[in-house]
There are 2 protein chains.
Amino acid sequence: MVAVTSASAAEQERPARVSGIDKIERRRVALAESALKTLGELGYARTSLREIANNSEFTHGVVHYYFRDKIDLISYCVRYYKTKCARRYDEVVETATSGEELVTGFLAKMTQTLVDETPMHKLWYDLRAQSMFEEQLRPDVEAIDKLLEEMIWRILGRYADLTASMPTVDAPTAYALVDGLFEQAVVGYAANPDKTPDLLTDRLLQVLPKLVAP
Amino acid sequence: MVAVTSASAAEQERPARVSGIDKIERRRVALAESALKTLGELGYARTSLREIANNSEFTHGVVHYYFRDKIDLISYCVRYYKTKCARRYDEVVETATSGEELVTGFLAKMTQTLVDETPMHKLWYDLRAQSMFEEQLRPDVEAIDKLLEEMIWRILGRYADLTASMPTVDAPTAYALVDGLFEQAVVGYAANPDKTPDLLTDRLLQVLPKLVAP
DNA sequence: GACTTTGTTTGACACTTGTCAAGAAATCTC
DNA sequence: GAGATTTCTTGACAAGTGTCAAACAAAGTC
C-alpha cells in the first residue's frame, strides 16, 4: 500500500506521527477502493466525485480533503489497482512443471479473472482509451502496460522453458496478441457472459503454441 | 450515405420531396463529419453538443433539430464512420498477385491510416470502451467489430490463397490478434509517433506468417 | 402576394460537475 | 480538561451540460 503515492502526499512535509500518515494512507486506500468499485461500474466518463462519495461511507468533501482533484484521485486509483493486477499469474508460473500444466493454469486464472473482476478490466480498457485524450493519465497507463507486458513475457518465457523451445515473437508483440484476445473477451462478455470464457480459452489455445518454436 | 439512418429519420413520415429528404441527409452528414472531427480530437467523454456545434458552421440548436439527442448523434456518427473504414484494404486484396505483395500493400495501408487518421482510430477504441458502459452504443460497436473482423478475414484468406496455404486460426482470433497490435500502435502513437509505424510493421511481420500453414 | 411548411437562432430551463471555504466535530497534546 | 490540530460536514460557487421551446428567417405552395 505504501508503494502508492499521491501528489497530495508530497505536500505532507511533516508526517508528525507514523500512525498519522499511516491513517491518511489507509483513508486514501479506502477511498480508492470505493472509487474503483464505482468506476468499474460506470466507467470513467460517467463517474463523478459525488457519485464516488455517495457509494462510499464518506462525504464528497472528504474526497477533496485527501485528493487534490479528480485526476489525482483517478491516478491514485490506477496506481493502486496496478499493484494488484500484474502478479496474478505468478504462482502458476512458479509452480507449473510442464507446458501443459502452465497453459491450463494460465487459462484457468485468466477466465476466472475475466468473470470475477469484469468491472476492473472494463475500467482498465476504458482508462487506457482515455489516456489517448488525457495526457495526465498517460504515464500511469504506460507503466501498467509495461507491467502487463512483462507479466505476459514471464509466462511465455516459462512456457518456452518447459517445452524446450524459444519464443518466436518479442515481448511487446506477445503482449499485444494476448491483450487483443483478452480485450475482445472483456468487450464480448457483456453480450455473452456464458460462452465468452470458453471462446477465450479456445482462441488462446489456437495462438499460444504458435508463439514458441524449438 | 443513404445507408446511414437515424432514429429521427424514422419520424419523417412524409418526405415531401426527394430533394428535401436528401437535403436533410446532407445536413446530417455534414454535422456528423464535423462531430467526428471534434470527437476524434477530444474523445467521447469531453465532447459536448455545444463543442460540436462550435466547431461546425451550425449552432447548437441545429444539432438538436437533426438529431433527437446526443446518443442519436453519436450513434449516427459511428455508423457513418463504419461505412468508410471497413473497405480500406479491398483494393490491395483484389490486386495483389503474391503473398508478399499482399503483405506489403496491407502493411503500407495500415501504417498509412495509422498516421493519417489517428483521431478516428483513437475515437473508435474510445467508443468501443464506452460501449461496455453505455448499452445504447453496443449494437453499433458490435456491427463495426464484425465488419472489421470480416475485413481481416478476407485479407488472411487471400493471403492463404496466394501462398497455397490455409489459415490456422479462425476469424475472431485473427481479428483479435491484428486488432491488438493495431490498438497498441494507436495508443503508442501519441508518445512515439516516429517509431510506432515501423514497430507495427515489424510486429505484424512476426505474426502474419504464423497465421497460415500449408 | 398571402400562407404554410421547413429550417435556424437564441435564450432559457433544470441539472450536474469540480472546486472550495467556513465552521462543526473529533482527536490529540500537554 | 483546556487548547491546538486534524478530520469531516455542509453549503455554496461558477461553469458547463443536455434539452427544449418560442421567436425569427427562408423557402416552397397555392
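Note that this is a predicted model, so its numbers are computed, not measured. Chain A is the first sequence line, chain B the second, and so forth, proteins listed ahead of strands; every chain is numbered from 1.
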dT17(D) phosphate, OP1 or OP2: any side-chain N/O from Ser48(B) under 4.0 angstrom? yes

For [X] and [N], what is the distance between atoms [atom1] and [atom2] respectively, to the nearest whole Å?
| X | N | atom1 | atom2 | answer |
| --- | --- | --- | --- | --- |
| Arg26(B) | dT6(C) | CZ | P | 18 Å |
| Asn54(A) | dT10(D) | CG | P | 12 Å |
| His60(A) | dT7(D) | NE2 | P | 19 Å |
| Tyr66(B) | dT19(D) | OH | C1' | 18 Å |
| Leu31(B) | dG7(C) | CG | C1' | 12 Å |
| Phe58(B) | dT6(C) | CZ | P | 19 Å |
| Phe67(A) | dC8(D) | CZ | C1' | 15 Å |
| Arg46(A) | dT17(D) | CZ | P | 15 Å |

Gln184(A)-Tyr175(B) side chain donor-acceptor pair, cut-off 3.5 Å: no

[X] with [Y]: basic N within carboxylate O range, under 4.0 Å:
| X | Y | answer |
| --- | --- | --- |
| Glu51(A) | Arg46(A) | no |
| Arg88(B) | Glu117(B) | yes |
| Arg128(B) | Asp179(B) | yes |
| Lys146(B) | Glu149(B) | no |

Hey, which of these two, His64(B) or Glu51(B), hits DNA chain D nearer its 5' end, going by closest nucleotide? Glu51(B)

I'd like to know if Arg68(A) reaches the base of dT19(C) with its side chain, counting only an N/O donor and acceptor under 3.5 Å. no

Distance criterion of 3.5 Å, no angle test: do you see the side chain of Arg50(B) paired donor-to-acceptor with the base of dG16(D)? no

Side chain of [X]: nearest nucleotide among [options]?
| X | options | answer |
| --- | --- | --- |
| Leu49(B) | dC20(D), dG18(D), dT9(C) | dG18(D) |
| Ile24(B) | dG7(C), dC8(D), dA12(D) | dG7(C) |
| Lys70(B) | dT19(D), dT8(C), dT10(D) | dT19(D) |
| Tyr65(B) | dA12(D), dT6(C), dG18(D) | dT6(C) |
| Arg27(B) | dG7(C), dG18(D), dT8(C) | dT8(C) |

